[in-house]
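In what follows, every chain begins at residue 1, and chains take the letters A, B, ... in the order their sequences are listed. These figures come from a predicted structure and were not determined experimentally.
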Amino acid sequence: MADAKLDIKAIEKKWQSYWKEHHTFEANPDQRKKFFVTFPYPYINAYQHIGHLFTLMRVEAFAKYKRLQGYNVLFPQGWHATGSPIVQAAKRVAAREPKQMKIMADMGITDEAQLKKFEEPQYWIEFFAPEYKKDYDTLGMGIDWRREFHTTSLNPRYDAFIRWQFSKLREKGYCIRGKFPVVWDPKEQVPVGDHDRIEGEGETPQEFTLLKFKLGDVYLMAATLRPETMYGQTNLWVNPSVMYRKAAVDSELWIVSQECAEKLAQQNHSVKIVGEVAGRELIGKRALAPVVEREIVILPASFCDPKKGTGIVTSVPSDAPDDWMGLVDLKNNPAELAQYGLHPSDIEGIAIIEIIDSQELGRRAAIKVCEDMGITSGRERKKLEEAKKLVYKVGFYEGTMLESCGPYAGMKVEQAKEAIKQVLLKKGKAALHYELTGRVVSRSLTECVVKIVADQWFLDYGNPEWKSFAHKCLGNLRLYPDKARQQFDYVIDWLRAWACTRESGLGTRLPWDEQWLIESLSDSTIYMAFYTISHILQSVPEEQIDDALFDYVFLKDNSAKVACGKENADAMRAEFEYWYPLDFRNSGKDLIQNHLVFFIFNHTAVFPEDKWPRGIGVNGWVTVDGQKMSKSLGNMIPARRVAADYGADASRFTILSGGEGMDDPNWDSRLALSVQGKLEQMYLFALDCNGRGRDGELAIDLWMRSELHRIIRKVTASMEETMFRSALQGIFFELTKAIRWYLRRCAGVPNKELISQVIEAQLIMLAPFTPHICEETWHALGKKGSILDASWPAYVDSLIEEKDSEGFISTVLDDIGQVLKLTKIAQPKKIMLFTSPLWKYELFGLLRQALQESHSPKDIIGRVMATKLKRHSKDAIKIVSSFIRKGNVPDTLGHEKELEALTQAKGFLEAEFSAQIEIARAEDSVEEKAKLASPGKPAMVVA
RNA sequence: GCGGGGGUGGCAGAGCCUGGUCAAAUGCGCUAGCUUGAGGGGCUAGUCCCUUAGUGGGUGCGCGCGUUCGAAUCGCGUCCCCCGCACCA
């Protein structure tokens, strides 16, 4: 075999140019069935890393597979620039902020002149889009670049498309206006996302209900997360050492903590401090509880935190462990009570009010849990936290409101909460207030607050009608893997109105309210449709692109007056009608909860049902050599490095064999290293073996053909499910193994036609994975045209043998080897093989059947003894008992076939061991060992 | 906390739905022999423990309990890991 080293880099380049010159991946509508795939356009604010490639490669491999199956495949690609990261980064570059400078330096951008350019957001797009494109090309991605585009108003054509989309959404009533609590940086005056925080990732606004307790001419405001427990209130808690504020809030006088007053001001209230009230002065007074209209006493509690809520808490001892312990503590502390002129009897006199039946926790869940957990004082904070969680969990999800709760009696707590809250608000007896679940500090080092944005635009994903369309769409599309379906359904149900506009960043302005920019997840939901026309649209003057044009093209609205000329418009409509709907879109599983579900929702809103998406794939997060990829570990692998270090084909191979389904795929650099050699080996083998061999047909040829078809069948099924790892397993490893065995069995002289078929099939099936080396081999074999235009191999079920006769020969081969090893016979002269005595085949058959009906030893042995096998009872019982224990009997070829197989393999075995082989039936031999033979396991004597 | 997905041999990863043929595919790594040969090459064999003329036995698929003649596979409980939980791309 020639040991010519292949120049991988040159081969890759060669075929990449070939594809480009031949416009291989430029897809146009024609008579064929089509397949349209997309990979979500990446956000281009940095070089991409290997993680992108895993998601991308699934699209790419699927595209090439479908192409080989005869589909007209469209795989376009665009770039995302919407939102604030690029703008922010540009600003930081302009400020030469050290941290940002480090990021730039890590990307190899240090040149002052170039940095200057990066101060301009647009330059990021100009710079990174081509870089991404280069990476994709270097890896041999089959993308139709004519349709490339980027987002935001920096691309007026896309901008027009998004404006059209939003006009449609608004027409349908899905784009609505409302208020919205956001995490807000009061210094920078911007909303602060998770990634813009120094502290407090994951903290979110939490909704408190502020209950208004009338006390003279003012309202004492108590904050609660559980308005449904209102009927169980027995007292109020204030912190005696806190100086509360009397504030004019809107048109009322409220008593709240100083901190609360400040927050209220941020949340659309007019707040004016008009006085102070010391906590201790309030104690002992009575205030009128809203709606229940009952006067309750105000008691001291140190756990009232002025930073949380209003600093005043309403007490529900039946269902709040803190409150219960607060009462217990007070009772045990007459001295403290005395300070406020109270007596322990005042506390004793407080009657617990049962309001919720918490199933196993009873009607006084808080008290029961405190007792169960042995909590004796309010100081046991940790235990109390736990108790609180437990009480809430059981009470909220399993509890029912009791008769004490008036109109809510019998209602599920889950429902009562919302109902009671609404009534309180409607009657003006409560207000809503938002507070962060924890401290959040923005990058500008400012502590963040909750702000209510008033004129916010939303996409109304909570709309039940819209939800039902989304469910319908989901129900009719294919998911790869289907496991993800539950998650999708869940998200569709759970999604509420989504704030779809922003005040700053890059993007498209809302057509009817231009102060707002459409945010990045909302301008990327139906853009796949834009790919179908983008290359044509490029030649249409901007001013001729309007809603009418899109109505004409996408909605077949013939009454729409198109400005750009009918010919162009019709061409675009034809493209859209041909390519849409989208057949496969793949992304990381993290995008299920937003992007992918938005994608479904928006399609159902804008397009008719026959244009709704047909397939969605999701995959996991990449690990590198088993470790999670992260900046801190320093194991982020830039996309471009893999192609450079390992070669495009080896990288693609490694990526797709890294994992499948929703599991996290792994990048195994050792595998990447070893793949290149294997691919070269395959190339050399193909050249060496193609057309080599004999004409006549041997038994082993049937086996090889069977294996080939079996593997094609398996691989095809895997490819259909985007199970690329399994497919690769079959195409590369299993088939290669079969070929090796085949060549070994036929002494290196295969059937000419068959071996060529095998080589060709393997090459074609491998082409979606490693297209460069496959093209190279394809052409070296003298084939014409791109391998990507070849046909995916077909399989014929009838050619696939059910029983693997070669498994038997390979067992025999192994066994002989074992015996030789154990006996330390290096070079045997003669090897005698004996097929099993016939009665054992009979016994096996009988046993197999008997075991299907019974597992009772007595029964089975009885059955055996009832036949003429009784003659062999001594040996038979041994065999029978061993198989009863194992539970089943191996399915063997049968005596005739075994003997035939051995006879046919005689020459092979002789060659393998350079020894004389004799084959006989056990019955015909006097050798003691011959008797040991059993079905599937011939006995042997070596000498 | 809520929803989803997982925990298999040195590593990666099949198997689990449809219980037995599973000491558990395949690959990587490692070991040995062969290619008559030096450095990402190929082929063959081995790679849980003990034992052995190809065998037999033990341990074993996060942990515990259970169902069953029989469980990596089914049920219950428990621990752990990953993803998402929103205005962030």
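In this structure, the nucleotide among B:G54, B:A89, B:G4 sitting nearest to the side chain of A:Q487 is B:G4. Which of B:A89, B:A86, B:G3 sits closest to the side chain of A:Y490 comes down to B:G3. The side chain of A:D668 has B:C28 as its nearest neighbour among B:A53, B:A86, B:C28. Considering only the side chain of A:Q486, B:G5 comes nearest among B:A53, B:C85, B:G5. When the nucleotides B:G54, B:A86, B:A89 are ranked by their closest atom to the side chain of A:L495, B:A86 comes out on top. Taking only side-chain atoms of A:K589, from C-beta outward, the nucleotide of B:C83, B:A89, B:G27 with the closest atom is B:C83.
For A:F724, there are no ring-ring contact (aromatic ring centres under 6.0 Å, His included) partners at least two apart in sequence or on another chain. By the ring-ring contact (aromatic ring centres under 6.0 Å, His included) test, A:Y132 pairs with A:W79, sequence neighbours left out. For A:H49, the ring-ring contact (aromatic ring centres under 6.0 Å, His included) test picks out A:H52, with sequence neighbours left out. Remark: A:E519 pairs with A:W498, A:S522 by the side-chain hydrogen bond (donor to acceptor under 3.5 Å, both in side chains) rule, at least two apart or across chains.
Between the P atoms of B:C34 and B:C22, the separation comes to 34 Å (whole Å). The P atoms of B:A71 and B:C17 are separated by 14 Å, rounded to the nearest whole Å. Atom name C1', nucleotides B:G27 and B:U18: the rounded distance is 28 Å, in whole Å. Between B:U8 and B:C88, the two P atoms lie 38 Å apart (nearest whole Å). Nucleotides B:C61 and B:A12 have their C1' atoms positioned 16 Å apart, rounded to a whole Å. Rounded to a whole angstrom, the distance from the P atom of B:G46 to that of B:A25 is 12 Å. Nucleotides B:G70 and B:U21 have their C1' atoms positioned 13 Å apart, rounded to a whole Å. Here, B:A86 and B:C81 have their C1' atoms 24 Å apart, quoted to the whole Å.
B:C61 is unpaired under the Watson-Crick or G-U wobble criterion, no partner having all donor-acceptor distances under 3.5 Å. For B:A25, there is no paired nucleotide, since no Watson-Crick or G-U wobble pair has both relevant distances below 3.5 Å. With a cut-off of 3.5 Å on both pairing distances, B:A71 has no Watson-Crick or G-U wobble partner at all. B:A38 is unpaired under the Watson-Crick or G-U wobble criterion, no partner having all donor-acceptor distances under 3.5 Å. The nucleotide B:G1 finds its pairing partner in B:C85, both defining distances of the Watson-Crick or G-U wobble pair being shorter than 3.5 Å. For B:G46, the paired nucleotide is B:C30, the pair qualifying as Watson-Crick or G-U wobble because both relevant distances are below 3.5 Å.
The nearest whole Å value for the distance from the CE atom in A:M940 to the P atom in B:A53 is 14 Å. A:Q456 has its CD atom 12 Å from the C1' atom of B:A86, to the nearest Å. Atom C1' of nucleotide B:C69 and atom CD1 of A:I884 are separated by 10 Å, given to the nearest angstrom. Per the geometry, CZ belonging to A:F733 stands 17 Å off P belonging to B:A12, to the nearest Å. If you take CZ of A:F883 and P of B:G56, they are 9 Å apart, rounded to a whole angstrom. Taking atom CD1 of A:I492 as the reference point, atom P of B:G4 lies 15 Å away to the nearest angstrom. Between A:I86 atom CD1 and B:C88 atom P there is a gap of 16 Å when expressed in whole angstrom units. Across the protein-nucleic acid pair, A:K931 atom NZ and B:G54 atom C1' stand 19 Å apart, rounded to whole Å.
In this structure, A:K929 reaches the bases: a heavy-atom distance under 4.0 Å links it to at least one base atom across the strands shown. At the heavy-atom level, A:A497 lies under 4.0 Å from base atoms of the strands shown. Counting any heavy atom pair closer than 4.0 Å across all strands shown, A:L673 reaches a base atom. Among the heavy atoms of the strands, none lies under 4.0 Å from A:S657. At the heavy-atom level, A:N594 lies under 4.0 Å from base atoms of the strands shown. Nucleic acid contact for A:A484: none, since no nucleic acid atom lies under 4.0 Å from a heavy atom of the residue. Looking at heavy-atom distances under 4.0 Å, A:L521 makes contact with a base. At a threshold of 4.0 angstrom between heavy atoms, the contacts of A:V889 with the nucleic acid are absent.
When the nearest nucleotides of RNA chain B are assigned to A:L822 and A:M723 by heavy-atom distance, the more 5′-ward of the two goes with A:M723. Comparing A:Q818 and A:E734, the nucleotide of RNA chain B nearest to each residue sits closer to the 5' end for A:E734.
Under 3.5 Å, the side chains of A:T55 and A:N586 contain no donor-acceptor pair of N or O atoms.
The main-chain N or O of A:V941 is never found under 3.5 Å from a side-chain atom of A:K830 such that the two would form a donor-acceptor pair. Between the side chain of A:N602 and the backbone N or O of A:F598 there is at least one donor-acceptor pair closer than 3.5 Å.
Contact annotation: A:K483 reaches the phosphate of B:G6 (side-chain N/O to OP1 or OP2, under 4.0 Å). Proximity of A:S726 to the phosphate of B:A14: no side-chain N or O atom is located under 4.0 Å from OP1 or OP2.
The side chain to side chain contact (heavy atoms under 4.5 Å, CB included) with A:L833 is formed by just one residue from the set A:D815, A:L902, A:V942; it is A:L902.
For an aromatic pair to be called close, the ring centres must be under 6.0 Å apart, and A:F653 with A:F732 satisfies this.
Sorted by first then second residue, the salt bridge (Lys or Arg N to Asp or Glu O under 4.0 Å) pairs that include residues 726-748 of chain A, not counting sequence neighbours, are A:R710-A:E734, A:K714-A:E734, A:R744-A:E912, A:R745-A:E806.
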Taking it one step at a time, do A:T508 and A:D523 satisfy side chain to side chain donor-acceptor pair (under 3.5 Å)? CA-CA 8 Å; A:T508 295; A:D523 83 340; 5.1 Å; no
Pairs under 3.5 angstrom, nitrogen or oxygen only, protein versus nucleotides 42-45 of chain B, please.
residue: B:C43; atom: OP1; partner: A:R740; partner atom: NE; Å: 2.9
residue: B:C43; atom: OP1; partner: A:R740; partner atom: NH2; Å: 2.8

